[in-house]
**Q** 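I'd like to ask you about the structure that follows.
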Amino acid sequence: MSVTSSVFKPVVAADRVDYPKLEGSIQNWWDEQNVRQQYLRRNEHSEKKFSFLDGPITANNPMGVHHAWGRTYKDLYQRFKTMQGYRQRYQNGFDCQGLWVEVNVEKDLKLETKGDIEKYGIAAFVEKCKERVFTFAKRQTEQSIRLGYWMDWGNDYYTLSDENNYTIWSFLKKCQERGLLYKGRDVMPWCPRCATGLSNMEIEGEGYKELTHLSLYVRFPLVDRPDEYLLAWTTTPWTLAANVAAAVNPELTYAKVEQDGEYYYLAEQLLSVLKALKGHDKGDYKVVETLKGADMVGWKYNGPFDELPAEKDVKHSVVPWKEANASEGTGIVHIAPGCGREDFGLSKELGLDVVAPVDEFGIYKEGFDWLTGKHTSEVGKLVAENLTQKGLLYRPQNYKHRYPTCWRCKTELIFRLVDEWFISMETLRYEIMDVVRQIQWIPAFGFDREMDWLRNMDDWMISKKRYWGLALPIFDCQQCGNFEVIGNREELQERAVAGWETFDGHTPHRPYVDEIKIKCQQCGSEVSRIKDVGNPWLDAGIVPFSTLHYRTNHEHWQEWFSADFVTESFPGQFRNWFYSMLVMSTVLEKTAPFKTLFGYATLMAEDGSPMHKSTGNMVVFDDAAERVGSDTMRWLYANHVPEQNLNFPAIPSDKDMQKSAETGMPVRLSEKWMLTRRTLDKIWNVYWFFVTYANIDQFDPTRHQLPVARRSELDRWIISELQQTIQDVTTGLEQYDTTKPAEAIQSFLEDLSNWYLRRSRERIWKSQLDEDKIGAYLTLYECLTTMITLLAPFLPFLSEELYQNLVRSIDEQAPMSVHLCDWPTVRAEFIDEQLTRETHLVMRIVGLGRAAREKAQIRVRQPLNALYVHVPTGTEEEALRRLSDQVLEELNIKQLELMSADSDMLAYTVRPQVKVLGPKYGPLVQKILAHLKGLSAHEAQEAATQLHTTGTLSFTVADKEVSLSQDEVQILATARPGFVTAEERGYIAALETTITPELREEGMVRDLIHFIQDMRKKAGFNIEDHIGLALYTDINLAQVLQPYQQEIMAETLALNLLLSISQRDFPSFEEVYRERISPESPKKLEGYTIEIVLGKNVRDGSQL
RNA sequence: GGGCUUUUAGCUCAGGUGGUUAGAGCGCAGUCCUGAUAAGACUGAGGUCCCUGGUUCGAGUCCAGGAAGGCCCA
């Protein structure tokens, strides 16, 4: 028989599926059919809505696999909500402005400094920045589509848009109105290459590098104390030229030591430094006296660079500072308020002089004599030499420490006194905290992280002295010191007294916006915009407003604000996107910009190390998609606990890909990837099984119906499990958890393929299409189609492939894509808990039976006569009596006997129920436990009998009469030694191992059938092909096989069977395959020899 | 120095409200089953639940202190 026409498209075996290729063809089909567009419109008239707000992806490079992680969540939840009928916006966002884009454009144009940029022309430079952003936005869109990310592509928001920028202006205006905005003079971390300050959001984490610097121990000669010196230590020699004070901790004990006739002061605890630095040129030292830091305060000393004009008027003295400590250095801290954060703070507190030595490029200004014109990074040694000449250097020493670098260009930062613009957090932080409390944080510790950040957050520095970014709408009057903030384009036009014509027609970016001049409202002078651009987190933080047209369409904004859901990688975002959104939303509306925040951790390389381009362990997204497949990648993400870092397994190498191309086989994945891929393969296997057999039977599910109530117990069980799975997946996703749903699906798949399908084989294998077989097909079909609907948000490609073949190919009325289907609902009436319990009981007993066979070393193909089973409860006994067939069939055993409580195969132990006994008996519990544990096997048996007959177990312990009820102590049956048994918590299976001659023959026949099946496959027959069969053997085996001929033929689809003891008998078919089984061959049939011949084109259908 | 987080089998991780026999997957060793075959089942080896102290009849679980790693902030 051959299949003339298929109901379903025939399916290749799971090991031949090329998933990435399959994904490509499905993508093409989606594109041709405009499926995504239909998906986007599906719920446009729905009452329910789900407001997702996309955190903008930086459009500066191709996206990586770490973006794919986040985008998998974004896509998955939006798809889920779509299937549930929620109206959505599906808007993707691109982050466009900021230094990171500038840095790349500079590289492309080979520009080194800000001077180069200005020579190149700001207008042209800004244009290049825009170009770069659009280029990568396009690229990222293509990549996202490859991931199966369905957004309203083309309707994206860009943070460079006028709307975005002007909405930030209105925010800043509001800040000014509330008095939150100010110009601050402070020492900031500063990148001398980028010539801009960095906000403290920018220098943490990756910014720090382990670096070695020249550190100096310097002698500060004390005034009026001849030959006495303060010993100070610094890791930044260039700052010595700006020294104004030396700080000591007033609480700390300092020592005055004598060495080579000179006296030094330093912290007592750090005297070891002197030893460590001794060297040949220094003599021994001895402590002359000790004193408190407080005693030294006020002492005058001569600064190390008093000869410089800039230091001329500075009076150096010892000042008190709580932060000075004895953890390193000398306990005496060199203070240069123009070059250090804390130093500057101290100077404000104590009214110290401030010397700011370098310009924006880190070059010494006028007034520093020989240092003027030199760069901070080149003067370390020169300073050391100069100090040596002046006799002020005690010792130089190389010092390794963590030092901040520019997070974009890796240049070492310096600290520099600058004018920058800030938003004050003094009172705002508490308002934001109130807003943070309104938000659901997943994981919950996100709340604590954000609160911690808010508690510690300094004022937000929003200005940056660069070119490409938000033009800060601040007009700072140089005449009278008044500053004004412009809130929108119209206001700008109104206030402009010059430059509007030049600006008009351009986006609000540099340089055109710089042309505008306004009139100072206070003094009437003409005022220019400050040249600074904005911190890029302003750009991202405003999107809950700008993307919803807060300024221009308030109603629309109200409809979608606040977002139901946002998700990003949390390390970092607490101080970046989450933070900036919170600040802006608190200022503008005093309310939370999103209701639920879902954060996930960091993606690492396979070995747990950070993924970096430079270390070569970077996985390129496109490679991952093409070598492993998007669905597999998505499944990896969905299965991962989000709050833990994810180690991304290595993908197949170029070599692997080449090999795959040569052999034509799908590329082999690593063991780690297979952990993930196996689920897809299992789904495919079940799918293959269904399609293959349904085609053989010409089974079209639309043409058959059978109420669930009329189906078999097995069918009803798996349908019940399916309902439970729908329930678990739905609940999990509603709580923004993918791991439990993924687990639920996997566990259902195990039940379906390992138990349901195994148990259904016989039903489907039999020839006639009766009600039982129809029930099996329908059940399997329903399980498959429901499961792929549940999987659609997780595995959009695979689920579509299966849907098209399983559903659309036979039902034109069905939605054209699985992604246009409704989310499955639970049919509570199909949940049968008793049946679930009973099926699990059967599985458990079968497991024990297999274990017993293992112990007896009797393979399952060898039939056995009896299995003796004990279960703990009467209900289970009753169930097992009903379900014994399933157990026996699985285990290949003839009969199942229940062992009663008094069976001589059983022994007993007593098991106290501590949870009940504990509260009742208190301290006595441990004694009772000891007593019961000490019972001999015989005593335990008696105790069991006593409890069975009287209902209580009484004994004396610690002079107290104890009487335990059946609730308090459980009797557990165990197997008595001497039988081949397996047991588990009161469940016991014992095997009758006698193999009678009849059983032995049956076993041999089963072996033989198995061998023939194997040969069919080797000979290349299809599953449904009929064959001719000839068996040549000796008289003994022939006699054994004689009665089983019908069975052999039926099982192997043989049309005829020649069983002969003479090779001279020829079969009436064309021989295809021949194999000899003998004691010498790898396959064995006890001691017999038999030659098996398989053939086709059977001439005579009648048997011998 | 402060906040958050982690520490359980060789590896990756589960282990509501405390209950005496701490689990899973992978890996390893062995066996079985198989016309789902890169699959599946079973068995086995493998544990000081990071350490110390406390609360309790009873602590992987609660409390305190400490150690180590990660993230964040000073």
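Every chain is numbered from 1 and lettered A, B, ... according to where its sequence line falls, protein lines coming before strand lines.
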**Q** Mind checking A/Ala601 for me? I need base, sugar-phosphate or nothing, with any heavy atom below 4.0 Å counting as a touch.
**A** nothing

**Q** Using atom C1' in both nucleotides, what's the gap between B/G46 and B/A24 to the nearest angstrom?
**A** 15 Å

**Q** Given B/G35, B/G19, B/C26, identify the nucleotide with an atom nearest to the side chain of A/Lys915.
**A** B/G19

**Q** Choose from B/G40, B/C73, B/A38 the nucleotide whose nearest atom is closest to any side-chain atom of A/Arg668.
**A** B/A38

**Q** Of the nucleotides B/C32, B/G19, B/G35, which has the atom closest to the A/Arg859 side chain?
**A** B/C32

**Q** Using 30° and 60° as the class limits, which term best fits the ring planes of A/Phe598 and A/Tyr600: parallel, tilted or perpendicular?
**A** tilted

**Q** Closest to the A/Lys682 side chain: B/A38, B/C72, B/G40?
**A** B/G40

**Q** Any strand is fair game: report the nucleotide pairing with B/C13 by Watson-Crick or G-U wobble, both distances under 3.5 Å, or none.
**A** B/G23

**Q** Partner of B/C50 by Watson-Crick or G-U wobble geometry, both contacts under 3.5 Å, or none?
**A** B/G66

**Q** Please pick, from B/A41, B/A39, B/U20, the nucleotide with the shortest atom-to-atom distance to any side-chain atom of A/Leu929.
**A** B/U20

**Q** With sugar-phosphate meaning primed atoms plus P, OP1 and OP2, does A/Phe1021 contact a base, only sugar-phosphate, or nothing at under 4.0 Å between heavy atoms?
**A** base

**Q** Nearest 0.5 angstrom please: A/Thr1052 OG1 to A/Asp1014 CG, how far?
**A** 13.0 Å

**Q** From the list B/C42, B/C72, B/G40, which nucleotide is the closest neighbour of the side chain of A/Arg850?
**A** B/C42

**Q** Using the C1' atoms only, state how far B/C49 lies from B/A38, rounded to an integer number of Å.
**A** 35 Å

**Q** Counting side-chain heavy atoms from C-beta on, which of B/G35, B/A41, B/C73 comes nearest to A/Asn456?
**A** B/C73

**Q** Counting heavy atoms from C-beta on, name the nucleotide in B/C33, B/U20, B/G25 closest to the side chain of A/Leu675.
**A** B/G25

**Q** Does a donor on one side chain sit under 3.5 Å from an acceptor on the other, for A/Arg1006 and A/Asn892?
**A** yes

**Q** Which whole-number value in Å describes the distance from A/Tyr687 OH to B/A39 C1'?
**A** 18 Å

**Q** When rounded to the nearest Å, what value does the distance between P atoms of B/U5 and B/A22 take?
**A** 28 Å

**Q** Using the C1' atoms only, state how far B/G15 lies from B/C57, rounded to an integer number of Å.
**A** 24 Å

**Q** Quote, to the nearest angstrom, the P distance that separates B/C50 from B/A14.
**A** 13 Å

**Q** Do A/Ser653 and A/Asp656 have a side chain donor and acceptor closer than 3.5 Å?
**A** yes

**Q** Given that both distances must come in under 3.5 Å, which nucleotide forms a Watson-Crick or G-U wobble pair with B/C28?
**A** B/G44

**Q** Distance check needed: B/C4 P versus A/Asn645 CG, whole Å only.
**A** 19 Å

**Q** Checking A/Asn639 against A/Gln746: is there a side-chain donor and acceptor pair closer than 3.5 Å?
**A** yes

**Q** Can you confirm whether or not the ring centre of A/Phe578 sits under 6.0 Å from the ring centre of A/Trp453?
**A** no

**Q** Write down the distance between CG (A/Leu680) and C1' (B/A39), rounded to a whole number of angstrom.
**A** 14 Å

**Q** Which is more 5' along RNA chain B, the nucleotide nearest A/Asn754 or the one nearest A/Val860? Just name the residue.
**A** A/Val860

**Q** Which base sits across from B/G18 as a Watson-Crick or G-U pair, both distances under 3.5 Å?
**A** none

**Q** Over all strands shown, is A/Leu669 touching base, sugar-phosphate only, or nothing at heavy-atom distances under 4.0 angstrom?
**A** base

**Q** What is the distance from CD of A/Glu743 to P of B/G15, rounded to the nearest Å?
**A** 10 Å

**Q** How many Å lie between CD on A/Gln746 and C1' on B/C26, as a whole number?
**A** 13 Å

**Q** Atom CH2 of A/Trp441 and atom C1' of B/U5: how far apart are they, to the nearest Å?
**A** 16 Å

**Q** For the pair made of CG in A/Leu891 and P in B/U43, what is the distance, rounded to whole Å?
**A** 13 Å

**Q** Below the 4.0 Å mark, does B/U12 have OP1 or OP2 next to a side-chain nitrogen or oxygen of A/Lys672?
**A** no

**Q** Paired with B/C71: which nucleotide, if any, by Watson-Crick or G-U wobble criteria at under 3.5 Å for both distances?
**A** B/G3

**Q** How is A/Asn1022 classified with respect to the nucleic acid when contacts are heavy atoms under 4.0 Å: base, sugar-phosphate, or nothing?
**A** base

**Q** Heavy atoms only, 4.0 Å cut-off, all strands: where does A/Tyr693 land among base, sugar-phosphate and nothing?
**A** sugar-phosphate

**Q** Measure from the side chain of A/Trp453, starting at C-beta and using heavy atoms only, and say which of B/C32, B/C73, B/A74 lies closest.
**A** B/C73

**Q** Checking contacts here: which listed nucleotide (B/C33, B/C73, B/C4) is nearest the side-chain heavy atoms of A/Arg449?
**A** B/C4

**Q** Mind checking if A/Arg16 touches a base, just sugar-phosphate, or nothing, with heavy atoms under 4.0 Å?
**A** nothing

**Q** So which one's nearest nucleotide on RNA chain B is more toward 5', A/Val686 or A/Glu750?
**A** A/Val686

**Q** Quantified in whole Å, what is the C1' atom distance between nucleotide B/U21 and nucleotide B/A64?
**A** 31 Å

**Q** Send over the distance from A/Gln573 CD to B/C4 C1', rounded to a whole Å.
**A** 17 Å

**Q** Between A/Tyr777 and A/Phe699, how do the two ring planes meet: parallel, tilted or perpendicular, split at 30° and 60°?
**A** parallel

**Q** Quote, to the nearest angstrom, the C1' distance that separates B/C42 from B/G60.
**A** 29 Å

**Q** Before we go on, tell me: are the rings of A/Phe570 and A/Trp577 under 6.0 Å apart, centre to centre?
**A** no

